[in-house]
Structure formats: C-alpha cells, structure tokens
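Below you'll find the structure, written out as structure tokens, and then a few comments.
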Amino acid sequence: MSHIIFLIFGIAIGYFIGINKKKEAPEARQRKTINYTERQKAKIRYETDADRIRQLNLLSPNESKFMRMLQHEFTNEKVIVKDKRFYIADQDNYPIAIFEYRDGTKSIKNKDIEDGLPLFLYKALLSSQSIKEDKISLKL
C-alpha cells in the first residue's frame, strides 16, 4: 500500500516539475538579436585569458612566425588569434581584416571578403613584403 502512495506522490512531483520546465522553455528560446557591429566584435572576443593562451599554444611554428610578422607590420593595431586566424583589430577592438596562414608546399596568396571583412590567405608564404602590400591595400 505504501508503495502505491509513493508512486502516486512521485508521479505528481514529476508532473509539476515538467509543467515548470515547459513554462521556462519559451524564455530560454528567445535569443537576443545582435547587430553587425556586435557580431564582428564577438568574433575576436575571448571568454577568458586561458582561452586566449590556448589559442596561441595551438599555433604551428610557421603560424607563430606569421603572427610576429603581422605584429611587426601592424604596430598601431592589435593582432588577435582565434581559431588559427589572425584578426587585425583597431583600438576599439573592431576587426578590420582577417589573415589566415596555412602550411603547404606550393606558395599561394589570395584575397577575398568574408562577412564584410577583407580576408588574406597565405599558403606556404612567409613574406613581410606581401603583408606590407596587404596593409597598404587596407588604406590604414
């Protein structure tokens, strides 16, 4: 007899918990819409300092050299590494360009636009002169 009472009591508690979760779900589903500027800034924002350090530790030796060349060329801007991409940001932490380096055997340099930002792709090419030319094309 007591088992049946506990069973009914458990079902009732489960039912009320389920109702409360259904009421909370629509609020959780509502997403804050962000504008273009906020979305661009979110691309280069780190959650923690540990996340920033983790991103730097994932770089290959050639990617590290490429990052140093970018830092040397873009002295008035910030070079931010995220997902093996190098974002050039102004003093307000707004991205103005994306540089990407890939290891390979054949040297390739390409330019494209991604989400309104110029994207410079370098493959097996470590050249400060090429970076300088790309900086001039940005008209900084």
Side-chain angles (χ1 to χ4, degrees):
M1 182 70 169
S2 64
H3 295 298
I4 295 173
I5 293 174
F6 283 121
L7 179 66
I8 293 172
F9 186 67
I11 291 172
I13 290 175
Y15 175 75
F16 288 117
I17 290 173
I19 288 175
N20 288 338
K21 287 194 179 204
K22 287 180 183 175
K23 289 179 182 177
E24 293 174 10
E27 295 171 6
R29 280 188 220 140
Q30 291 178 347
R31 298 177 68 180
K32 179 184 171 194
T33 57
I34 59 175
N35 63 22
Y36 177 77
T37 304
E38 291 170 339
R39 188 173 70 237
Q40 294 294 62
K41 285 185 175 184
K43 285 181 183 181
I44 61 173
R45 190 176 307 130
Y46 296 116
E47 297 296 323
T48 62
D49 280 338
D51 186 31
R52 180 182 60 80
I53 294 168
R54 191 175 305 112
Q55 293 287 332
L56 291 171
N57 287 337
L58 290 174
L59 296 178
S60 72
N62 283 338
E63 288 169 330
S64 296
K65 291 175 191 173
F66 187 73
M67 182 183 78
R68 284 192 296 278
M69 286 191 293
L70 287 171
Q71 288 172 330
H72 180 73
E73 190 60 41
F74 293 94
T75 54
N76 295 330
E77 292 81 20
K78 298 175 185 175
V79 177
I80 299 169
V81 179
K82 196 153 184 195
D83 300 326
K84 293 203 170 207
R85 287 182 139 187
F86 303 95
Y87 292 89
I88 307 299
D90 61 12
Q91 297 302 321
D92 296 327
N93 281 338
Y94 186 81
I96 52 179
I98 305 169
F99 284 81
E100 194 170 317
Y101 178 83
R102 297 183 189 158
D103 288 322
T105 56
K106 185 177 179 184
S107 297
I108 297 173
K109 179 183 166 189
N110 197 0
K111 182 180 177 182
D112 199 3
I113 296 205
E114 180 180 296
D115 200 17
L117 295 174
L119 170 68
F120 301 97
L121 175 64
Y122 288 74
K123 183 173 180 183
L125 177 68
L126 291 171
S127 167
S128 59
Q129 183 61 34
S130 296
I131 293 172
K132 192 173 288 194
E133 292 169 3
D134 290 337
K135 181 182 179 182
I136 292 169
S137 74
L138 289 173
K139 299 175 182 126
L140 295 176

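For reference, positions follow the sequence shown, starting with 1.
- The CD1 atom of I136 sits 7.0 Å away from atom CD of E133, with the distance rounded to the nearest 0.5 Å.
- One N or O on the side chain of S107 and one on the backbone of A124 form a donor-acceptor pair closer than 3.5 Å.
- Side-chain contact between S60 and D103 is present, with at least one heavy-atom pair separated by less than 4.5 Å.
- Between the CD1 atom in I98 and the CD1 atom in I113 there is a gap of 10.5 Å [rounded to 0.5 Å].
- Residue I80 holds its CD1 atom at 12.0 Å from CE of M67, rounded to the nearest 0.5 Å.
- Between R52 and D49 the shortest side-chain heavy-atom distance falls below 4.5 Å.
- Applying the side-chain contact (heavy atoms from CB on, under 4.5 Å) rule to T75 yields no partners; only residues at least two apart in sequence or on another chain are considered.
- Between F86 and Y101, the distance separating the two ring centers is not shorter than 6.0 angstrom.
- Side chain of E100 to backbone of L119: no donor-acceptor contact under 3.5 angstrom is found.
- A salt bridge is defined here as a Lys NZ or Arg NE, NH1 or NH2 lying under 4.0 Å from an Asp or Glu carboxylate O, and E38 with K43 fails to meet this definition.
- The CG atom of N76 sits 12.0 Å away from atom CD1 of I88, with the distance rounded to the nearest 0.5 Å.
- Under the 4.5 Å side-chain contact rule for hydrophobic residues, L117 and L138 share a cluster.
- A salt bridge between R39 and D115 is present, with a side-chain N of the basic residue lying under 4.0 Å from a carboxylate O of the acidic one.
- The side-chain heavy atoms of Y87 and V79, taken from C-beta on, include no pair separated by under 4.5 Å.
- In terms of heavy atoms, N93 sits closest to K41 at O-CG, 3.6 Å.
- What you find for Y36 and G116 is that their closest heavy atoms are OH-CA, 3.6 Å.
- The list of salt bridge (charged side-chain N to carboxylate O under 4.0 Å, His left out) pairs with a residue in residues 58-74, not counting sequence neighbours, reads E63-K84.
- Between K78 and D90, no side-chain nitrogen of the basic residue sits less than 4.0 Å from a carboxylate oxygen of the acidic one, so the salt-bridge criterion is not met.
- Sparse packing is recorded around CD of E47, with 12 or fewer heavy atoms of other residues, nucleotides or ligands lying under 6.0 Å away.
- Follow the hydrophobic side-chain contacts under 4.5 Å out from I44 and you never reach L121; the two are in separate clusters.
- Between F99 and F66, the two ring planes are tilted [angle within 30° to 60°].
- Atom CG of residue L125 and atom NZ of residue K106 lie 13.0 Å apart, to the nearest 0.5 angstrom.
- Residues S137 and F120 have side chains in contact (heavy-atom distance under 4.5 Å, counting atoms from C-beta outward).
- When all heavy atoms of Q55 and D83 are compared, the pair lying nearest together is OE1-N, 2.7 Å.
- The only member of K111, K109, K139 that meets salt bridge (Lys or Arg N to Asp or Glu O under 4.0 Å) when paired with D134 is K109.
- Both tests pass for K135 against the ring of F74: distance under 6.0 Å to the centre and angle within 45° of the axis.
- Inter-residue side-chain proximity for Y122 and I108 is flagged as unmet; no heavy-atom pair is nearer than 4.5 Å.
- Ion pairing between R85 and E114 holds under the 4.0 Å rule for side-chain N and carboxylate O.
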